[in-house]
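For the numbers below, each heavy atom of this structure counts, side chains included, while hydrogens, waters and symmetry mates do not. Here is how names work: the chains are called A, B, and so on, in the same order as the sequence lines, proteins then strands, and each is numbered from 1.
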Protein chains: 2
Amino acid sequence: MNKSVIDLNECTNCPIRHRAVCARCETDELEQLESMKYYRNYSAGQTMIWAGDKMDFVASVVVGVATLSQTMEDGRTQMVGLLLPSDFIGRPGRDIAPYNVTAVSDVTVCCFRKKPFENMLVTTPHVGQRLLEMALDELDAAREWMLLLGRKTAREKIASLIAIIARRDNEAKSAIPGGQMSVDLPLTREAMADYLGLTLETVSRQVSALKREGIIELEGKRRVIIPDIDVLMDETGDDSDGGPLI
Amino acid sequence: MNKSVIDLNECTNCPIRHRAVCARCETDELEQLESMKYYRNYSAGQTMIWAGDKMDFVASVVVGVATLSQTMEDGRTQMVGLLLPSDFIGRPGRDIAPYNVTAVSDVTVCCFRKKPFENMLVTTPHVGQRLLEMALDELDAAREWMLLLGRKTAREKIASLIAIIARRDNEAKSAIPGGQMSVDLPLTREAMADYLGLTLETVSRQVSALKREGIIELEGKRRVIIPDIDVLMDETGDDSDGGPLI
DNA sequence: ACGCCCGGTTGATCGAGATCAAGGCGTCCC
DNA sequence: GGGACGCCTTGATCTCGATCAACCGGGCGT
């Protein structure tokens with residue numbers, strides 16, 4: 001594979017296997033990365049990084065779900081990102097964390113010591129290009145979320161969240177022909193509320209309403225069955241065709 | 001200046017003078033850029049780019065103010081970005097615009113034909129690194145805005161918007177010792193509402209309230225005098241020390 | 001001079017979602 | 001078993017911002 005651009009899922013040589021550093025990895029880059037990486041584990045509910053912490057590493061999520069959040073002095077909090085496996089934590093050229101990073105489930109991250117990682121960025125353009133792509137994708141997601149936060153109703157917010165998680169979850173497994181989907185909601189009602197700019201009571205009420213109307217079904221508290229994804233999409237307020245595109 | 005990293009404001013050789021492509025420009029890069037650039041002008045109120053348009057260029061704002069916005073089918077709209085001189089429009093690797101770009105004042109942009117620009121990205125890492133920095137800054141701004149949209153009151157939103165514009169405006173002119181600042185609000189009440197996730201009536205009422213309480217003064221409709229920036233900051237809900245930092 | 005339009009202001013009322021409060025159901029630990 | 005705790009649900013009420021509506025003033029074209 002030396003020097004050839006390869007697909008993430010075929011990248012069997014790579015010990016890390018994450019978009020951030022592997023999508024276009026080359027063997028000599030991998031050797032460099034090997035020498036600067038180490039793993040950290042966190043348990044569900046644990047705050048991995050506090051806003052204001054000194055960061056001497058960047059990292060990539062390996063397993064689990066984490067959130068990025070901001071809190072005001074009086075306790076109001078807003079989630080500003082959802083971190084899933086392959087998502088990147090930290091930023092080259094900055095060493096104080098601006099957000100809280102909290103493990104939702106048990107989480108393993110692969111850390112890279114910051115200085116050598118930044119040096120590598122300068123010498124190997126592939127990694128920088130991949131980071132740029134990822135940052136722009138994050139920016140699109142943030143802007144989509146701004147529309148949700150600023151203009152959607154509580155019901156639309158809930159439907160959008162479920163639809164987004166469902167889409168992401170089922171894009172790996174190829175779309176199911178019957179139209180029915182089953183999705184794990186990794187978040188508590190409170191975390192959903194912090195993501196959507198609502199209170200947990202409103203989240204609970206709106207989930208109940210969608211259930212009552214047969215748009216979703218619940219299996220336990222955290223598993224959602226979507227009988228017809230198109231019916232759910234109608235509740236999101238989004239136009240039918242697709243996501244962000246500058 | 002060949003091959004040396006130079007500061008934007010000293011970059012007198014550069015015909016474009018924008019962060020996007022000049023912060024670390026080198027003479028041979030500039031020659032490349034020269035060959036692929038052209039200018040476009042738009043008048044106030046004009047929509048420069050519609051969501052869905054084919055983009056065969058990327059661009060950098062030279063003069064004026066423009067907005068990036070999303071609209072739902074029923075007309076609800078949300079601004080997702082404010083474009084000021086030196087801000088970048090478009091994204092390498094994508095050719096359909098996902099947002100509306102609207103000129104607020106008369107606007108001049110410097111366009112670069114897309115294919116050659118993308119080729120240049122591959123060959124000259126400086127430009128890519130600069131774009132990554134800019135994208136990450138935009139991401140921070142978007143996340144700060146998510147907190148505002150999700151969790152702040154109308155009054156806090158207005159105060160935050162004025163404070164942000166004031167800060168940005170006066171960072172060029174070194175901070176004024178007396179504490180008094182004077183700021184041009186480039187946006188109409190409706191545009192402010194679309195930015196803040198409010199209605200124009202609420203914006204008007206809250207601006208009036210801040211004026212009535214002496215926190216701001218108005219000079220005409222569009223110029224704001226801030227007698228004491230710290231008093232205004234107290235109304236934003238932000239904690240005293242500073243912006244985002246992963 | 002006139003009317004018109006655009007952007008802004010202010011008032012009255014309404015309603016979605018916040019807030020306050022009570023209670024239900026698992027799970028864990030003593 | 002039984003309490004304690006975490007997470008969720010549901011009800012009653014309140015409130016902030018939306019909505020509907022009237023009006024103001026300046027710029028512009030005729």
Side-chain angles (χ1 to χ4, degrees), chain A residues 43-46 72 74-78 102-105 148-162 184-213 216-224 235 237, chain B residues 43-46 67 72 74-78 102 104-105 148-162 184-213 216-224 235 237:
Chain A
S43 49
Q46 196 178 354
M72 299 168 71
D74 60 6
R76 283 177 281 176
T77 94
Q78 176 67 49
T102 308
V104 172
S105 60
L148 177 146
L149 290 171
R151 294 301 184 195
K152 289 191 179 180
T153 64
R155 163 183 267 253
E156 289 170 338
K157 287 178 177 183
I158 299 287
S160 298
L161 178 62
I162 296 174
D184 248 333
L185 266 208
L187 305 174
T188 66
R189 296 289 182 261
E190 187 179 19
M192 291 171 67
D194 285 341
Y195 205 8
L196 299 171
L198 298 170
T199 58
L200 68 92
E201 294 95 329
T202 299
V203 170
S204 181
R205 271 184 253 271
Q206 295 296 338
V207 170
S208 297
L210 290 174
K211 187 176 78 178
R212 202 178 316 121
E213 297 170 30
I216 60 172
E217 290 159 28
L218 294 184
E219 210 171 68
K221 295 294 179 195
R222 299 288 185 83
R223 187 154 200 90
V224 178
E235 301 296 331
Chain B
S43 48
Q46 196 178 356
T67 63
M72 299 168 70
D74 60 8
R76 283 176 281 175
T77 94
Q78 175 66 49
T102 309
V104 171
S105 60
L148 178 146
L149 290 171
R151 293 301 186 195
K152 290 191 179 180
T153 64
R155 163 183 268 253
E156 289 169 339
K157 287 179 176 182
I158 299 288
S160 298
L161 178 61
I162 296 174
D184 248 333
L185 265 208
L187 306 174
T188 65
R189 297 287 181 263
E190 186 178 20
M192 291 171 67
D194 285 342
Y195 205 8
L196 299 171
L198 298 170
T199 59
L200 67 93
E201 293 95 330
T202 298
V203 170
S204 181
R205 271 184 253 272
Q206 296 295 339
V207 169
S208 298
L210 291 175
K211 188 175 75 177
R212 203 178 316 121
E213 298 171 30
I216 60 173
E217 290 158 28
L218 295 185
E219 210 171 67
K221 295 292 180 197
R222 298 290 184 83
R223 186 153 201 90
V224 178
E235 301 296 330

Q: Is a side-chain N or O of A:Arg151 found less than 3.5 angstrom from the main chain of B:Leu198, in a donor-acceptor match?
A: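 Pair found, side chain donor or acceptor close to backbone of B:Leu198.
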Q: Ignoring backbone atoms, establish whether B:Thr199 has a side-chain N or O less than 4.0 Å from OP1 or OP2 of D:dA18.
A: yes
Q: At less than 4.0 Å, is any side-chain N or O atom of B:Ser204 found next to OP1 or OP2 of C:dT9? Yes or no.
A: yes
Q: Kindly say if A:Ser208 contacts the phosphate of D:dT10, meaning a side-chain N or O under 4.0 Å from OP1 or OP2.
A: yes
Q: Determine the contact category for A:Gly220: base if any of its heavy atoms lies under 4.0 Å from a base atom, sugar-phosphate if only primed atoms, P, OP1 or OP2 are that close, otherwise nothing.
A: nothing
Q: Among the nucleotides D:dT10, D:dG17, C:dG8, which one has an atom lying closest to any side-chain atom of B:Arg222?
A: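 Closest nucleotide among those given: C:dG8.
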Q: Respond yes when some side-chain nitrogen or oxygen of B:Arg205 is under 4.0 Å from OP1 or OP2 of C:dT9, and no when none is.
A: no
Q: If you look at every strand shown and take non-hydrogen atoms under 4.0 Å, does A:Arg76 touch a base, only sugar-phosphate, or nothing?
A: nothing
Q: Taking donor-acceptor contacts at under 3.5 Å, does the side chain of B:Glu201 reach the base of D:dC20?
A: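 When only heavy-atom distances are counted, B:Glu201 does reach the base of D:dC20 through a donor-acceptor pair under 3.5 Å.
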Q: B:Thr153 has a side chain; which of D:dC7, C:dT19, D:dG17 sits nearest to it?
A: D:dG17
Q: Does D:dC7 have OP1 or OP2 under 4.0 Å away from a side-chain N or O of A:Thr188?
A: no
Q: A:Lys221 has a side chain; which of D:dT9, C:dT9, C:dG17 sits nearest to it?
A: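 Of D:dT9, C:dT9, C:dG17, D:dT9 is nearest to the side chain of A:Lys221.
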Q: Mind checking B:Leu198 for me? I need base, sugar-phosphate or nothing, with any heavy atom below 4.0 Å counting as a touch.
A: sugar-phosphate
